[in-house]
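Computed from a predicted model, the values in this text were never measured in an experiment.
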Amino acid sequence: MKQARTALAERIAERRRGVGDPRALVGEMRRSVLLVPTADGGLWSSRSGGVRWICGFTDETALARFALRHGPGDQPMDYAALLGARIVDEVVPSLGEPAGLAVDIASEDGSMFFPPVVGIVPDTVAVDADVRKGRGHGR
């Protein structure tokens, strides 16, 4: 029997098909409990493109796909269950570097990235905050 998708996974699928409201997707991410792998006393993350990406998963199946590639061999992967809002509002600003949220990165057709921009993370840590206020790019 196929597992039902979470509401966030459904919103991600809509956006990947080019439909759905991006604001609704961000709202759903903020309301969703995400499973975030832990390692060495912190949350598992990866750096790419000058951004530190905290990796979260919509359900245990998505986390298991990730664990098969990145887990500690035959040991279970520890994780924390955190609201998306807590990740982007509290964890991201505490990192002291550009950071965002990567959801379901081991799901080939179901991943979504929430970059460190205004409307997703607090303006104080958004990489585009100065541009949005008209203070970037030589203005």
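Ser32 is linked by a side-chain hydrogen bond (donor to acceptor under 3.5 Å, both in side chains) to nothing, counting only residues two or more places apart in sequence or in another chain. Residues that satisfy the salt bridge (charged side-chain N to carboxylate O under 4.0 Å, His left out) test with Arg30, not counting sequence neighbours, are Asp89. Applying the salt bridge (charged side-chain N to carboxylate O under 4.0 Å, His left out) criterion to Glu97, with sequence neighbours excluded, gives Arg47, Arg52. Applying the salt bridge (charged side-chain N to carboxylate O under 4.0 Å, His left out) criterion to Arg16, with sequence neighbours excluded, gives no partner residue. In this view, Ala13 and Arg5, Arg17 satisfy the side chain to side chain contact (heavy atoms under 4.5 Å, CB included) rule, not counting sequence neighbours.
No side-chain heavy atom of Leu8 sits under 4.5 Å from any side-chain heavy atom of Met112. Within the 4.5 Å cutoff, the side chain of Pro115 has no heavy atoms near those of the Val51 side chain. Using a 4.5 Å heavy-atom threshold, the side chains of Ile54 and Val92 count as touching. Pro37 has its side chain within reach of Leu63: a pair of non-hydrogen atoms, C-beta onward, lies under 4.5 Å apart.
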| request: Kindly indicate, with the supporting measurements, whether the criterion side chain to side chain contact (heavy atoms under 4.5 Å, CB included) is fulfilled by Val121 and Phe114. | output: CA-CA 9 Å; Val121 300; Phe114 296 90; over 6 Å; no
| message | Is there a side chain to side chain contact (heavy atoms under 4.5 Å, CB included) between Ile87 and Leu43? Walk through the geometry before answering. | response | CA-CA 10 Å; Ile87 296 168; Leu43 301 177; 5.5 Å; no
| request: Report the C-alpha separation of Val26 and Val88 in whole Å, then their side-chain angles, then the decisive distance to 0.1 Å, and conclude whether the side chain to side chain contact (heavy atoms under 4.5 Å, CB included) test is met. | output: CA-CA 11 Å; Val26 172; Val88 297; over 6 Å; no
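Residues Gly20 and Arg15 approach most closely at O-NH1, 2.9 Å, considering heavy atoms. Of all heavy-atom pairs between Ala102 and Phe113, the closest is CB-CE2, 3.5 Å. When every heavy atom of Asp123 is checked against every heavy atom of Ala129, the shortest pair comes out as O-CB, 3.3 Å.
Between Trp44 and Phe66, the two ring planes are perpendicular [angle over 60°; tilted spans 30° to 60°].
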Under 3.5 Å, sequence neighbours excluded: what are the donor-acceptor pairs made by side chains of residues 77-84?
unit_1	atom_1	unit_2	atom_2	d
Tyr79	OH	Glu60	OE2	2.9

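Each of Thr58, Thr6, Thr61 was evaluated against Asp104; a single residue qualifies, Thr58, per the side chain to side chain donor-acceptor pair (under 3.5 Å) test. Put simply, the residue from Glu14, Arg11, Glu10 that forms a side chain to side chain contact (heavy atoms under 4.5 Å, CB included) with Leu25 is Arg11.
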